[in-house]
Protein chains: 2
Amino acid sequence: MNTLAEENYLKAIYHLTENDGNASTNQIASSLNTKASSVTDMLKKLADKALINYTPYQGVNLTPSGEKIALGIIRKHRLWEYFLVEKLNFKWDQVHDLAEEMEHISSEELIDRLDQFMGYPTHDPHGDPIPDCNGRFNTHELKPVSAVTINQCGVISGVRDHSSSFLQYLDKQQLTIGCKIIITDIIEYDHSVVVQTGNKEVQISREVANNLLIAL
Amino acid sequence: MNTLAEENYLKAIYHLTENDGNASTNQIASSLNTKASSVTDMLKKLADKALINYTPYQGVNLTPSGEKIALGIIRKHRLWEYFLVEKLNFKWDQVHDLAEEMEHISSEELIDRLDQFMGYPTHDPHGDPIPDCNGRFNTHELKPVSAVTINQCGVISGVRDHSSSFLQYLDKQQLTIGCKIIITDIIEYDHSVVVQTGNKEVQISREVANNLLIAL
DNA sequence: TTATTTTTTTAGATTAGTCTAAATTTTTTA
DNA sequence: TAAAAAATTTAGACTAATCTAAAAAAATAA
């Protein structure tokens, strides 16, 4: 098995390389709140274990076995988040740090039973897809609200920023997962977006629009 | 907060001193599968933190704050065991090692919500009492079957040995928590005990009788 | 009550993960 | 394309937790 630190590195590398190709030492360091020199040390270790492809100075990406481990951790994280919200009534802005700890409980059987207990949910409370026991998940195309044109409508289906403060702000504006919204106006001056949700109209900044994802 | 190793030491010391007074270095070492010299090092650290009373060569016991931490861990362990058996349908012989890992999830709020979710259970699947959020629990008097006289009856309410093999054996003999039994005979030669459970009569060895606890 | 055995502690080393500071490589810019 | 800046790696050190081997203390036995 892998240590807690190794698991956290693999997960960070997974997220950093989700879209583009390679994760740099500095990117990893900043996403794990550690120093570049510590990262280099760990990259060597993970490369020795054949979990990442590492060429000095060139950044890294996951090998198939590294990705499998990363997806296993993400699966656990998201299932625990779902459990915390759906069964223990936590709010969606309270569960990230807890799940960060719980994702390292090692048993596969435990997580598969938890999955079954909850009815095989496909998405966590923030709209992120939950990998199944083989690491597979549907990646539906989501767009940031900032990339949508006037009069388009969609369903809020995800966030790019998982911080409590952002999630609490969304709660306050009643912009939560599953809400149907229509983009009614885009302010040219600062790219704020006016969206209609239910009976209410809200104006959100460009930054918020950028971190709020919808399915069209 | 305390490290995982510290928590495990505190828990071990708690269990070793549950009845008598002090835990010795060697007792702690053997209960944690480590060496006496490692134990000495850790005892100094725990004493510095005022979690144990330690006089070199004289063994240790917990201070009130050490006991509070130990009881918190035991509470978590037993609540997770209950969860695993009652909600995820694990067998009582499968949950110990899993709970050993889960007991170190730090959040108090999580465990209190879990407690509520399950309806504030008072005993774990092995019959051990679950401390409440203040560390309090009822300690009902249990007796090993080996200490009971012929024709007495009682309810199976606990075990002294938590190993899978013992628990599986009890399952096979249908000697599980909550079963009403009557001691029908005690073999003088080897102190085996004959017990009647439901419609069946089973003979159990002295060792088994010694590890099986009943409420009279 | 001295000698032997057992228990415990000390001394010194090891491993994982981290750090700072210095050196090196790559990238950017002039 | 050479100099400056940024990114990365190396070197050396630190902490927590462990270990083995040796020393010291306590318990037991002769």
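The analysis underlying the following values was restricted to heavy atoms, covering all of them including side chains, and did not include hydrogens, waters or symmetry mates. In what follows, every chain begins at residue 1, and chains take the letters A, B, ... in the order their sequences are listed.
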For B/Lys49, the salt bridge (Lys or Arg N to Asp or Glu O under 4.0 Å) test, sequence neighbours excluded, returns B/Glu6
Could I get the full list of salt bridge (Lys or Arg N to Asp or Glu O under 4.0 Å) partners for A/Lys44, not counting sequence neighbours? none
Please list, by residue number, the residues of residues 99-108 of chain B whose heavy atoms come closer than 4.0 Å to an atom of DNA chain D; answer none if no residue qualifies. none
So which pairs with a foot in residues 80-96 of chain A pass salt bridge (Lys or Arg N to Asp or Glu O under 4.0 Å), sequence neighbours left out? none
side-chain hydrogen bond (donor to acceptor under 3.5 Å, both in side chains) partners of [X], counting only residues at least two apart:
X        : result
A/Glu7   : A/His104
B/Asn53  : none
B/Arg75  : B/Asp112, B/Asp115
A/His191 : none

Run the ring-centre check on B/His96 versus B/His126 and record whether the distance is less than 6.0 Å. no
With a 3.5 angstrom cut-off on both distances, give the Watson-Crick or G-U wobble partner of D/dA4, or none if there isn't one. C/dT27
Please state how far atom CE in A/Met42 lies from atom C1' in C/dA16, giving the value in whole angstrom units. 8 Å
Which letter, B, S or -, goes with each nucleotide of nucleotides 6-11 of chain D from 5' to 3', with contact meaning a protein heavy atom under 4.0 Å? -SBBB-
